Amino acid sequence: MSQDPLSRTTPRAGPPAPGAGMPPPDAAGQARSDALLAHIQARIAVAGGWISFADYMQMALYEPGLGYYDARGNKFGAQGDFVTAPEISPLFAQALAAPVARAFGTLPAQVLEFGAGTGALAHDLLHDLERRGCPAEQYWIVEVSADLRARQQERLAAYPVRWLDHLPADFGGVVIANEVLDVLPVQLFVRGAADVQERGVAADGGALRFAGRAAGPDLCHSMSAIESAAGALPPGYGSELCPLADAWIAAIAACLRRGLVLLLDYGFPRHEYYHPQRAMGTLMCHYRQHAHAEPLWLPGLNDITAHVDFTAVAQSARAAGLDLLGYTSQAHFLMNCGILDRLVARHGSVPEAATTGALQRLLSEAEMGELVKVMALGRGLDEGGWGFDRGDRRHRL
Ligand SMILES: C[S@@+](CC[C@H](N)C(=O)[O-])C[C@H]1O[C@@H](n2cnc3c(N)ncnc32)[C@H](O)[C@@H]1O
């Protein structure tokens with residue numbers, strides 16, 4: 001029986017050792033990974049023998065022409081490494097269109113999407129906004145990957161889409177980012193009995209290995225904030241944190257004159273993220289429909305992700321002057337946005353099995369329905385009606 005493509009961060013039977021039962025890369029893939037490895041080793045040498053994991057992740061995912069997202073290749077869907085919600089069904093974008101259309105009632109009819117992948121969300125969202133009689137006048141995409149940008153340009157040629165190299169100075173409209181925060185580079189830490197170690201990357205002969213060093217003052221400060229929210233972490237506890245997310249939220253806030261920001265990603269509130277039982281953190285890799293936990297294996301050929309600390313995102317947003325308008329699970333959000341009405345309108349009351357299966361993946365508690373959360377931030381907007389009317393969990397952050 002064929003299986004559905006793997007969503008990110010959902011290993012089917014626990015993360016296996018890398019390589020075990022996984023197809024080897026083809027010659028071109030191996031050569032690209034070898035070239036990236038040489039770059040990383042050179043960088044480690046220049047840095048004196050050690051780089052932070054965030055620096056490693058930045059290179060592994062985004063090194064021009066070699067990193068996972070920047071290099072050519074099929075990352076998404078059954079032929080790729082993992083699948084995302086917009087790739088599962090157009091119903092996802094059709095539901096998301098409800099708060100976007102509502103926002104267009106009071107905001108400029110513009111969308112700014114970060115990290116648009118194959119362009120599936122933009123395509124289906126633009127289509128559904130037209131169907132609702134409130135088309136987007138302009139759709140902007142900020143995409144760091146040259147390869148994905150080219151694919152988006154091909155797919156969205158018929159739509160009013162433009163690509164930006166920098167954030168606009170002054171934006172009014174709706175900002176969307178689906179599964180972008182979880183691919184921002186993270187720092188790794190390990191709690192010691194009396195200190196904190198930062199886990200970075202060193203090189204031994206031809207191979208990369210993890211290496212620890214005493215955490216600097218910023219990491220120690222972040223650890224204190226984590227432990228005051230989640231409780232003291234036991235010695236040996238390892239996890240990650242994402243200081244870049246704070247800068248990313250601040251940059252969005254700085255350019256947003258008036259608007260709605262919808263962030264959808266795998267993640268939890270802080271006290272769940274740094275739960276004593278989650279002692280290995282949330283870092284996860286995806287390679288050809290296999291999930292594993294070894295990010296140093298075949299650099300450039302694996303997606304690397306970490307869940308999002310939504311408490312940290314909410315704090316960053318408030319500090320940057322944005323309002324927190326809602327926080328809930330993907331299932332609650334999509335239901336509040338009328339996904340079941342769209343299902344019946346498009347497919348009748350007895351949809352075919354493939355559509356029911358897709359809906360199940362988007363809404364199921366064991367999959368994206370609960371693991372993915374949706375956060376709405378805003379400036380100059382009313383409180384309600386953005387997809388959080390039932391099941392709002394802001395009080396848990
Ligand atoms: C996991 S994919 C998600 C793609 C798409 N949003 C989806 O749901 O199918 C992550 C996307 O974010 C892009 N990306 C990563 N960091 C980014 C950043 N700082 N700004 C804009 N795009 C970014 C990647 O190149 C890729 O397109």
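Small disclaimer: the values here were computed from a predicted structure and weren't measured. For ligands, and for the atoms within them, numbers begin at 1 and follow the listed sequence.
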Listed once per pair and sorted, the salt bridge (charged side-chain N to carboxylate O under 4.0 Å, His left out) pairs that draw on residues 321-331, sequence neighbours left out: none
Which segment of T84 sits under 4.0 Å of ligand 1 when only heavy atoms are counted: side chain
V180 touching ligand 1 at heavy-atom level, < 4.0 angstrom: yes
Option set A85, G115, A122, criterion heavy-atom distance to atom 4 (C) of ligand 1, minimum: G115
Intermediate values then yes/no, ring-ring contact (aromatic ring centres under 6.0 Å, His included), Y287 and H292: CA-CA 8 Å; Y287 171 79; H292 68 88; 7.1 Å; no
Ring-face cation of R199 near F53 (centre distance under 6.0 Å, axis angle within 45°): no
Interfacing atoms of ligand 1 (cut-off 4.0 Å, heavy-atom, Y62): 15 (C), 16 (N)
Numbering as shown, the atoms of ligand 1 that approach V183 to under 4.0 Å (heavy-atom distance): 10 (C), 15 (C)
Cluster link L283 to Y237, ILVMFWY, side chain under 4.5 Å: no
Rounded distance (nearest 0.5 Å) linking atom CG of L96 with atom CG of L129: 9.0 Å
Pairs flagged by side-chain hydrogen bond (donor to acceptor under 3.5 Å, both in side chains) wherever residues 222-235 is involved - sequence neighbours left out: R191-E227
Ligand 1 atoms in contact with G117 (distance to a heavy atom under 4.0 Å): 4 (C), 5 (C), 27 (O)
Option nearest atom 14 (N) of ligand 1 (shortest heavy-atom distance, choices V144, L61, L148): V144
Option set E87, E113, E143, criterion heavy-atom distance to atom 25 (O) of ligand 1, minimum: E143
Numbering as shown, the atoms of ligand 1 that approach S145 to under 4.0 Å (heavy-atom distance): 25 (O)
Y159 ring center near Y139 ring center (under 6.0 Å): no
Nearest candidate to atom 10 (C) of ligand 1, where distance is taken over non-hydrogen atoms, out of Q152, E179, R151, R149: E179
Min N/O separation P86 to ligand 1 under 3.5 Å: no
Nitrogen or oxygen atoms of N178 and ligand 1 under 3.5 Å apart: yes
